[in-house]
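Worth knowing before you read on, the calculation uses all heavy atoms, side chains too, and leaves out hydrogens, waters and symmetry mates. Remember, it's 1-based here, ligands and their atoms both numbered in the order they're listed.
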Amino acid sequence: MDAVLGSPKLRASPFPAAARSPLPPRALVALAPAAARAGPLRSGPKGTIQALARNGMVNVVEREDCRSVNDVAASQGIRIRRHCRPTASMKEIEEATGAPRNVLERIIWDKEIEVAQGLARNPLKEVTESAGMAPPTRDFYGALAASYKRNGVPALIAEVKKASPSRGVIRENFDAVEIAQAYEKYGAACLSILTDEKYFQGSFENLQKVRKAGVKCPLLCKEFVIDEWQIYYARSVGADAILLIAAVLTDADITYFLRICKELGLTALVEVHDGREMERVLRIDSVQLIGINNRSLATFIVDTSNTKRLLEKHGDAIREKGILVVGESGLFNPDDVAYVQKAGVSAVLVGESLVKQEDPGRAIAGLFGKELLH
Ligand SMILES: O=C(O)c1ccccc1NCC(=O)[C@H](O)[C@H](O)COP(=O)(O)O
């Protein structure tokens, strides 16, 4: 066990939340301190995650190999696989596994490597401590609810986004702080800051700069979270909310990450794209905010009727639980906003249509057909 705990490979491995083990079959693995505090989180069928026991300050997970992680995910309809080889190069990974099946899988495979590098630079213990010392979070959910009530149109989460895999560079002349300040000035309730560097040309530094520039809107860290380290890191640089993507994360991962968010005072925006993901997320306790993405992150197809379809089927359950819904992607004009509002959203997350305009702040009135009040 000591040898296992001392393994640098283990410490630098962004394995699906509670199952950090690139280790030999049925190894016993002690989780990071945050997971230990969270208590027993998951169990699975034989051959996947066998047991999770509380052992003082250490949780013990017994599981087999990466295949079992992907098996658990596949059993929940998740098509994005993990390679679980964060210290290998992408070339080696692709030789062993074949190429990723789509862009989202490619992003996640890169993220596994990136998180391992981040962990090596800023160990979890240190990041956890600095997250604990960060100024208190601002109320992301409350800001959305208040803006909706005040304006009578969905609250705006305005996205600070330079580029994307589907659109390439959206704005050449990009200053994250300037854009954030303009969004705030013209009535955005909250901001979404892309932190992925490779595919979106974003950064955690941008998030930190926006926070430090005195922007008061609550900030969503728009990241592809696969590991608790990213959540603590986001909090340590000033995030008030974090994105959790159901197409990537198992139910146990989402549950575990929600506990961490609660512990840190962060709001989680749990994103779904289809009915199966919605059903999974609605079964998880303590989800307050669901984002319906109109864009398939695998194919890039954007279809705003996705929001309508999902809310027709699940709107009652969502309302019963007091969950607030965010309509995401592909919203360009007042008709688009009215359409998703009629479908039942209380907030919208908008990037491209604002950020590509010369003055992204003034573009807000064009998107809603009126000026938004603070
Ligand atoms: O936007 C992409 O190309 C993309 C590709 C792969 C994964 C995620 C992606 N985008 C994240 C988002 O969903 C959007 O940034 C967000 O909803 C705003 O969308 P839009 O208003 O259409 O820029």
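Interface atoms of ligand 1 facing S164, defined by a heavy-atom separation under 4.0 Å, are 1 (O), 2 (C), 3 (O). Every atom of ligand 1 with a heavy atom of V350 under 4.0 Å away is listed here by number and element: 21 (O). Against a heavy-atom cut-off of under 4.0 Å, G351 is close to the following atoms of ligand 1: 18 (C), 20 (P), 21 (O), 23 (O). Near G330, meaning under 4.0 Å from any of its heavy atoms, are these atoms of ligand 1: 20 (P), 21 (O), 22 (O). Atom numbering of ligand 1 starts at 1 in the shown order; those under 4.0 Å from a heavy atom of L349 are 16 (C), 17 (O), 18 (C). Residue E328 approaches ligand 1 through these ligand atoms, each under 4.0 Å from one of its heavy atoms: 17 (O). Atoms of ligand 1 found under 4.0 Å from any heavy atom of F300 (numbered from 1 in listed order, with element): 5 (C), 6 (C). Which parts of ligand 1 touch E352 is read off a 4.0 Å heavy-atom cut-off, strictly below it: atoms 20 (P), 21 (O), 23 (O).
Remark: the backbone N or O of V72 is paired with a side-chain donor or acceptor of S75 at under 3.5 angstrom. Between the side chain of R171 and the main chain of Q357, a donor-acceptor pair closer than 3.5 Å is present. Side-chain atoms of W229 never come within 3.5 Å of backbone atoms of A116 as a donor-acceptor pair (strictly under, hydrogens ignored). Panel note: side chain R101, backbone R79; a donor-acceptor pair is recorded below 3.5 Å.
For an aromatic pair to be called close, the ring centres must be under 6.0 Å apart, and F224 with F200 satisfies this.
Interatomic distance, NZ of K185 versus CD1 of I364, reported as 11.0 Å (0.5 Å rounding).
Regarding atom 15 (O) of ligand 1, its nearest protein heavy-atom neighbour is E159 OE2, 2.4 Å. Summary of contacts: the protein heavy atom closest to atom 7 (C) of ligand 1 is L297 CD2, 3.6 Å. Atom 1 (O) of ligand 1 has R295 NH1, 3.3 Å as its closest protein atom, hydrogens excluded (heavy atom only). When only non-hydrogen protein atoms are considered, atom 11 (C) of ligand 1 lies nearest to K222 NZ, 3.6 Å. Taking atom 17 (O) of ligand 1 as the reference point, the nearest protein heavy-atom neighbour is S329 OG, 2.6 Å. Remark: minimum distance from atom 2 (C) of ligand 1 to any protein heavy atom is reached at S166 OG, 3.4 Å.
Contact analysis puts F200 in contact with ligand 1, with a non-hydrogen atom separation below 4.0 angstrom. Residue contact annotation: N293 has a non-hydrogen atom under 4.0 Å from ligand 1. Residue contacts with ligand 1: S353 is excluded, as none of its non-hydrogen atoms falls under 4.0 Å.
With respect to K313 and E279, a salt bridge is recorded, a charged nitrogen being found less than 4.0 Å from a carboxylate O. One finds a salt bridge joining K111 and E114 here, because a Lys/Arg side-chain nitrogen approaches an Asp/Glu carboxylate oxygen to under 4.0 Å. Using a cutoff of 4.0 Å between basic side-chain nitrogens and carboxylate oxygens, E92 and R85 are not scored as salt-bridged.
With a 4.0 Å heavy-atom cut-off, ligand 1 is reached by no atom of F332.
Under a hydrophobic clustering in which Ile, Leu, Val, Met, Phe, Trp and Tyr are joined whenever their side-chain heavy atoms come within less than 4.5 Å, directly or via other members, I323 and Y148 fall into different clusters.
Counting only N and O atoms by type, the side chains of T250 and Q76 include no donor and acceptor under 3.5 Å apart.
By the 3.5 Å distance cut-off applied to N or O atoms, K161 is counted among the residues near ligand 1.
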* To do: Begin from the C-alpha positions of Y183 and L156 and carry the test side chain to side chain contact (heavy atoms under 4.5 Å, CB included) through to its verdict.
  => CA-CA 9 Å; Y183 282 156; L156 174 64; 5.6 Å; no
